[in-house]
Amino acid sequence: MLKLSGITKRFGSLVANDHIDLEVREGEIHALLGENGAGKTTLMNIVYGLYAPDEGTIEWKGRPVRISGPSEAIKLGIGMVHQHFMLVPVFTVAENIILGKEGGFLLDRRKAVEEVRRLSEQYGLHVDPEARVESITVGQQQRVEILKALYRGAELLILDEPTAVLTPQEVEELGRIMKNLVSQGKTIIIITHKLKEVLQLADRVTVIRRGKKIATLDTQGRTEEELAALMVGRSVSLRVPKGPARPGKVVLEVQSLCAKNARGLPAVQDVSFTVRAGEIVGICGVDGNGQTELVECLTGLRRATSGHIFLNGREITRMNPRQIREAGVGHIPEDRQRRGLVLDFTMAENVVLGSQRQYASWGVMNMRRMTDLARKIIEAFDVRPPEPAYRARSLSGGNQQKVIVGREMTRDTSLLVAVQPTRGLDVGAIEFIHKQLVQARDAGKAVLLVSLELDEIMALSDRILVMYKGRIVAEVPAHEATEEGLGLWMAGGGASA
């Protein structure tokens with residue numbers, strides 16, 4: 001269906017794609033696997049017409065084509081769902097799907113709703129056409145993006161990091177949707193760094209490393225270790241090496257905390273727990289069960305309605321985010337673009353956010369010191385491209401995450417609140433950050449880990465708390481926890497974990 005030959009793309013001195021060949025067969029799920037910044041998304045942006053290649057050719061169904069823009073790609077039958085969704089929150093599902101394809105001066109909303117409902121039923125993408133996008137889950141928003149592409153006649157669907165923002169349950173559902181789409185004649189390319197999902201979902205996988213194609217393989221019979229080695233060019237430990245914890249004094253104490261969500265409804269209900277120096281406490285739960293609001297209370301982003309929060313014996317319940325940071329709390333936020341970075345700032349400017357006063361003299365920022373810190377983080381966390389003057393907006397999602405993790409881990413803190421710290425990262429970076437979290441624990445920091453990745457919670461935590469409907473419903477020593485037991489607590493089953 002699609003053949004790329006010798007595709008090369010440069011951005012100044014950076015070679016993002018270096019003479020890449022790729023063939024995608026009709027009716028297959030083809031995974032594009034690689035590290036952050038390997039060039040996967042750039043390659044697919046060329047296929048979708050967002051970039052023009054500097055060298056190379058594209059063939060579509062056996063004939064050469066020049067794809068001058070997304071509208072040309074859509075006419076050919078190529079659709080792309082980007083990692084960060086492009087939806088209008090105040091519009092309905094149906095309005096978002098037909099946007100740009102209204103087909104006349106007057107919009108027939110009833111007809112649009114009926115057409116979207118028919119499409120959603122045909123492909124098993126169940127979503128209410130009349131619901132506002134701002135009121136539906138992230139998983140449902142992704143379905144809307146897929147329906148947008150199908151509405152425009154896409155035969156080839158490119159999904160960029162499709163599972164990066166989904167819960168485990170939504171990942172399973174997406175897998176079923178993809179298999180159903182293929183059974184109805186569609187072809188799918190998934191851009192990913194998640195080894196397990198490549199082996200579960202894809203028929204074939206092409207590995208890209210530092211802009212070059214390394215191999216194309218059938219996934220049947222392959223192992224995660226084999227793919228990881230191809231991906232990063234070395235053997236990778238998929239298990240976190242860590243010794244027993246040596247908990248010390250209580251660093252964080254939460255007492256009977258209650259908070260409301262943005263709609264004024266109870267989100268955190270009578271939550272109490274502690275985190276000690278020298279331990280990692282993991283909080284797991286299905287997304288939307290109060291984890292976000294709890295973290296916002298701990299970091300000063302949301303006011304608690306009642307209860308108390310103590311850091312090293314000092315109450316911080318009513319402090320603002322700056323005061324809490326200065327008291328010794330590091331925060332890796334779950335939404336890197338909204339809460340972690342200023343996208344139009346450079347890396348050097350972003351790595352001092354929250355500590356900028358330490359890098360200013362008489363109101364003037366010391367760019368040399370900022371650049372030195374950025375270079376240290378770039379080297380330690382392998383941020384690509386390694387340019388402190390590069391704007392955060394231009395980084396891949398995974399490299400944006402590395403900048404945030406590097407900034408928070410290099411600060412002098414007694415408590416690190418890490419929320420989805422490896423979201424959007426490749427296996428090599430995940431291995432590195434997991435080691436960093438364990439080292440922070442072993443150095444005497446208290447670490448509160450909040451993650452939707454149950455494997456990550458079980459691998460890193462010393463104690464595990466389960467949240468369900470705003471409450472802590474279970475506390476389990478990590479060595480006693482099982483995936484089945486935790487899953488039952490997460491679903492509100494109340495079975496012993």
Side-chain angles (χ1 to χ4, degrees), residues 1-24 29-60 64-87 100 142 145-146 148-150 152-165 187-193 202 205-214 216 336-337 343 384-385 387 390-401 424 426:
M1 176 174 267
L2 176 71
K3 182 178 180 180
L4 309 182
S5 302
I7 295 294
T8 300
K9 182 64 182 176
R10 302 179 185 89
F11 297 96
S13 60
L14 175 69
V15 182
N17 295 147
D18 190 353
H19 296 90
I20 292 180
D21 299 331
L22 175 69
E23 290 186 358
V24 178
I29 299 175
H30 194 116
L32 210 55
L33 180 69
E35 297 176 274
N36 304 122
K40 311 181 298 293
T41 299
T42 298
L43 186 66
M44 289 300 101
N45 281 339
I46 289 171
V47 172
Y48 193 56
L50 289 169
Y51 296 148
D54 297 321
E55 299 175 31
T57 59
I58 302 174
E59 291 182 27
W60 175 250
V65 292
R66 287 180 61 85
I67 304 175
S68 56
S71 60
E72 184 69 25
I74 291 166
K75 285 179 185 176
L76 290 172
I78 300 170
M80 186 167 181
V81 176
H82 300 272
Q83 183 177 354
H84 300 288
F85 304 149
M86 299 181 180
L87 300 171
Q142 187 176 67
E145 286 281 21
I146 294 172
K148 270 174 62 178
L150 295 173
R152 286 156 176 74
E155 299 174 63
L156 170 66
L157 273 171
I158 303 168
L159 307 180
D160 189 0
E161 296 287 358
T163 65
V165 294
T187 302
I188 297 174
I189 299 174
I190 54 170
I191 304 170
T192 188
H193 61 269
V205 55
T206 293
V207 181
I208 296 178
R209 188 197 316 147
R210 301 196 178 220
K212 294 178 180 288
K213 173 184 168 181
I214 302 302
T216 296
R336 55 180 166 253
Q337 295 201 348
L343 295 177
R384 301 177 197 169
E387 297 293 339
Y390 215 66
R391 295 196 182 277
R393 184 181 300 281
S394 301
L395 297 172
S396 69
N399 280 292
Q400 289 176 353
Q401 186 76 352
D426 58 65

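Computed from a prediction, not measured in an experiment: that's the story for all the values here.
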* Asked: Could you walk me through whether Glu55 and Arg10 pass the side-chain contact (heavy atoms from CB on, under 4.5 Å) check?
  -> CA-CA 9 Å; Glu55 299 175 31; Arg10 302 179 185 89; 2.9 Å; yes

* Asked: Quick check: does any side chain N or O of Asp160 sit under 3.5 Å from a backbone N or O of Val81, one acting as donor and the other as acceptor?
  -> no

* So, the side chain of Glu72 versus the backbone of Arg66: is there a donor-acceptor pair under 3.5 Å, distance only? -> no

Measure the [atom1]-[atom2] distance between [X] and [Y] for me, rounded to the nearest 0.5 Å.
{"X": "Thr8", "Y": "Lys212", "atom1": "OG1", "atom2": "NZ", "result": "9.0 Å"}
{"X": "Leu343", "Y": "Arg336", "atom1": "CG", "atom2": "CZ", "result": "10.5 Å"}
{"X": "Arg393", "Y": "Gln400", "atom1": "CZ", "atom2": "CD", "result": "9.0 Å"}
{"X": "Glu145", "Y": "Met86", "atom1": "CD", "atom2": "CE", "result": "7.5 Å"}
{"X": "Ser5", "Y": "Leu22", "atom1": "OG", "atom2": "CG", "result": "9.5 Å"}
{"X": "Thr206", "Y": "Ile191", "atom1": "OG1", "atom2": "CD1", "result": "12.0 Å"}

* To do: For a side chain to side chain contact (heavy atoms under 4.5 Å, CB included) with Ile188, tell me which candidate from Ile158, Leu156, Ile29, Val24 qualifies.
  =>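 Result for side chain to side chain contact (heavy atoms under 4.5 Å, CB included) with Ile188: Ile29.
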
For [X] and [Y], work out which heavy atoms get closest and say how close.
{"X": "Lys9", "Y": "Ala52", "answer": "NZ-O, 2.9 Å"}
{"X": "Ala154", "Y": "Gly79", "answer": "CB-N, 3.9 Å"}
{"X": "Thr42", "Y": "Asn17", "answer": "CG2-OD1, 3.4 Å"}
{"X": "Ile208", "Y": "Ala38", "answer": "CG2-O, 3.4 Å"}
{"X": "Ile78", "Y": "Tyr48", "answer": "O-CE1, 3.6 Å"}
{"X": "Gly56", "Y": "Ile7", "answer": "C-CD1, 4.0 Å"}

Compare all side-chain heavy atoms of [X] with those of [Y] and state whether any distance is below 4.5 angstrom.
{"X": "Leu159", "Y": "Thr192", "result": "no"}
{"X": "Leu157", "Y": "Ile146", "result": "yes"}
{"X": "Ile67", "Y": "Ile46", "result": "no"}

* **Glu161 vs His193, side chain to side chain donor-acceptor pair (under 3.5 Å): CA-CA, chis, key distance, verdict** => CA-CA 8 Å; Glu161 296 287 358; His193 61 269; 3.1 Å; yes

* Only counting residues at least two apart or in another chain, list the ones meeting side-chain hydrogen bond (donor to acceptor under 3.5 Å, both in side chains) with Arg210. =>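 By the side-chain hydrogen bond (donor to acceptor under 3.5 Å, both in side chains) rule, Arg210 matches no residue at all.
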
* In chain order, what residues pass the side chain to side chain contact (heavy atoms under 4.5 Å, CB included) check against Asn45, with sequence neighbours excluded? ->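 Expected list: Thr41, Leu50, Tyr51, Met80, His82.
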
* What pairs meet the salt bridge (charged side-chain N to carboxylate O under 4.0 Å, His left out) rule with one or both residues in residues 35-45, with sequence neighbours excluded? -> Glu35-Arg384

